[in-house]
Amino acid sequence: MRVGVPREIKVDEYRVGLTPASVREYVAHGHDVIVEQGAGLGIGAGDDIYRSAGAAIVDTAAEIFATADMVVKVKEPQPTEWSQLREDQILFTYLHLAPDTAQTKGLLASGCTAIAYETVTDAHGGLPLLAPMSEVAGRLAIEAAGAALRKSADGMGKLIGGVPGVAPSRIAVIGGGVVGTHAARMAAGLGADIVILDRSLPRLRVLDEMFLGRVRTRYATLEAIEEEVIGADVVIGAVLVPGASAPKLVTRAMLKSMRPGAVLVDVAIDQGGCFETSHPTTHADPTYQVDGIVHYCVANMPGAVPVTSSQGLNNATLPFGLMLANKGFAAVLENPHLRNGLNVHRGRITNKAVAESLGLEFAPVESGLAA
Ligand SMILES: NC(=O)c1ccc[n+]([C@@H]2O[C@H](COP(=O)([O-])OP(=O)(O)OC[C@H]3O[C@@H](n4cnc5c(N)ncnc54)[C@H](O)[C@@H]3O)[C@@H](O)[C@H]2O)c1
């Protein structure tokens, strides 16, 4: 198969669909890989590095869309990209179609086969191609909190880990899933005093075993959240209710009882945020204050570290991408997890949740309509 990697054109996107290491794997499996010139510059991988890995470099994205059997990207295609997709082509990338009618119509009109990273599943009911970005965001949340706690950033002027004889910062993590666990691990490494709150008792049991007493766990009642938030120097918002907006767990009224210069990091901002006073910010201007409390609410946190993010993403996408390259559409029919990733095929929506949220017709691939 001929696999193509265009340069990402969405604003502030520096990740790349295939790293040089992934290119080498595809080539080793007998595939041709074409990469748009400069596609890897955001991760420090120039064209020569891609050539050494076995790719051919092409001048324009147009050559990729015109000749590749499968296009591997990171972000959803932009209008100039979806208009170039072809009926016999596989698109493998993040799509997030549910709130995006325009893109969905563009993909339907192209006739392409679009597989969305975010709906590919694993045997444990997880979303393996979303998890690496949650890992990045969770770890980054503590770095962001450490920077925001500094006096120069309007924080209270406290070091996360303290020093011998001086207490460390108190960090409350609300939501103990992938983001929350990685935030807690990072904070534990820095020596913080940590509590994780979650509504899932089984999850709290796993966390209790995992951290062996290094981290406190609490069931996330309204009372427990209020107590922990008021006593915290840093609160990390990391809840997810699948398919729904994040619940507002920290109210504006609570801010008044917090210490001035405390920091709220709302990682769940991409689902609307779990603090009442959150609104999305950017890497260029990541924080603002409400009632003396610093808020960090960057919606695309992994974009800050494209080298780590691209490698983490590629580690997760590679096995699925190779299955698609080796078998073509048959891989989707054979593998239930890839099939869950299939969102659009030959002008039909093949993912029920996407079809329902857009009010469009759903065509299950099993029905034969879409196969
Ligand atoms: N800002 C970014 O750049 C970025 C990057 C990656 C992920 N995210 C977001 O971070 C959030 C968390 O993602 P994740 O991968 O950790 O999800 P996850 O499903 O692994 O974990 C979510 C956890 O929240 C818990 N939860 C749900 N409702 C709760 C409540 N009311 N109180 C306490 N806990 C509750 C769940 O039990 C679960 O353990 C999501 O909204 C995700 O989209 C944002």
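Whatever order the structure lists them in is the order used to number ligands and atoms, beginning at 1. Worth knowing before you read on, the calculation uses all heavy atoms, side chains too, and leaves out hydrogens, waters and symmetry mates.
Side chain to side chain, Glu63 and Thr60 meet the donor-acceptor criterion of an N or O pair below 3.5 Å. The closest side-chain donor-acceptor pair between Asn343 and Thr119 falls under 3.5 angstrom.
Between Arg203 and Asp198, no side-chain nitrogen of the basic residue sits less than 4.0 Å from a carboxylate oxygen of the acidic one, so the salt-bridge criterion is not met. Between Arg216 and Glu228 a salt bridge is recorded (basic side-chain N to carboxylate O distance below 4.0 Å). A salt bridge links Arg7 to Glu36: at least one charged side-chain nitrogen sits closer than 4.0 Å to a carboxylate oxygen. Salt-bridge check for Asp48 with Arg51: passed, with a basic side-chain N closer than 4.0 Å to an acidic carboxylate O.
Taking any N or O of Val179, backbone or side chain, at least one lies under 3.5 Å from an N or O belonging to ligand 1. Checked by distance only, ligand 1 and Asp270 come closer than 3.5 Å through their nitrogen or oxygen atoms. Any N or O atom pair closer than 3.5 Å counts here, and Ala299 shares at least one such pair with ligand 1. Distances between N or O atoms of Val267 and those of ligand 1 include at least one value under 3.5 Å. The shortest N/O to N/O separation between Asp198 and ligand 1 falls below 3.5 Å. Taking only nitrogen or oxygen atoms, main chain and side chain alike, Val178 reaches within less than 3.5 Å of ligand 1. The distance criterion of under 3.5 Å between nitrogen or oxygen atoms is met by Met301 with respect to ligand 1. An N or O contact shorter than 3.5 Å is missing between Leu249 and ligand 1 by distance.
Applying the 4.0 Å criterion to heavy atoms of Ala220 picks out, from ligand 1, the atoms 32 (N), 33 (C). Heavy-atom contacts of Ala268 reach the following atoms of ligand 1: 41 (O) (cutoff under 4.0 Å). Residue contact check: Asn300 has heavy atoms under 4.0 Å from atoms 3 (O) of ligand 1. Heavy-atom proximity to Pro302, at under 4.0 Å, picks out these atoms of ligand 1: 3 (O). Ligand-side atoms of ligand 1 in range of Ser200: 37 (O), range being under 4.0 angstrom from any heavy atom.
Ranking the protein heavy atoms by distance from atom 11 (C) of ligand 1 puts Val239 O, 3.5 Å first. When only non-hydrogen protein atoms are considered, atom 15 (O) of ligand 1 lies nearest to Ser134 OG, 2.7 Å. Protein heavy atom at the shortest distance from atom 41 (O) of ligand 1 is Gln271 CG, 3.1 Å. In this structure, the protein non-hydrogen atom closest to atom 5 (C) of ligand 1 is Ala137 CB, 3.4 Å. For atom 31 (N) of ligand 1, the closest heavy atom belonging to the protein is Arg199 CG, 3.6 Å. Taking atom 28 (N) of ligand 1 as the reference point, the nearest protein heavy-atom neighbour is Val241 CG2, 3.8 Å. The protein non-hydrogen atom at the shortest distance from atom 19 (O) of ligand 1 is Leu240 CD2, 3.6 Å. Looking only at heavy atoms of the protein, atom 21 (O) of ligand 1 is closest to Gly177 CA, 3.2 Å.
Checking side-chain atoms of Thr121 against main-chain N and O of Asn340 turns up no donor-acceptor pair under 3.5 Å. Of the possible donor and acceptor atoms, one in the side chain of Thr281 sits under 3.5 Å from a partner among the backbone N and O of Val298.
With Arg218 as the partner, the salt bridge (charged side-chain N to carboxylate O under 4.0 Å, His left out) test is satisfied by one option alone out of Glu227, Glu226, Glu223: Glu227. Results of the side chain to side chain contact (heavy atoms under 4.5 Å, CB included) test with Arg2 over Asp69, Val33, Ile64 single out Asp69 as the only residue that passes.
Residues satisfying the salt bridge (Lys or Arg N to Asp or Glu O under 4.0 Å) criterion with Lys327, sequence neighbours excluded, are Glu334.
Taking CZ from Arg199 and CG from Leu204, the interatomic distance works out to 11.0 Å, rounded to the nearest 0.5 Å. Here Thr217 contributes atom OG1 and Tyr219 contributes atom OH; the two are 12.5 Å apart, rounded to the nearest 0.5 Å.
At a 4.0 Å cut-off, not a single heavy atom of Ala246 sits close enough to ligand 1 to count as contact. Using a 4.0 Å heavy-atom cutoff, Leu130 is absent from the residues neighbouring ligand 1.
Phe92 and Tyr117 have perpendicular rings, their planes meeting at more than 60° on a 0 to 90° scale where under 30° would count as parallel.
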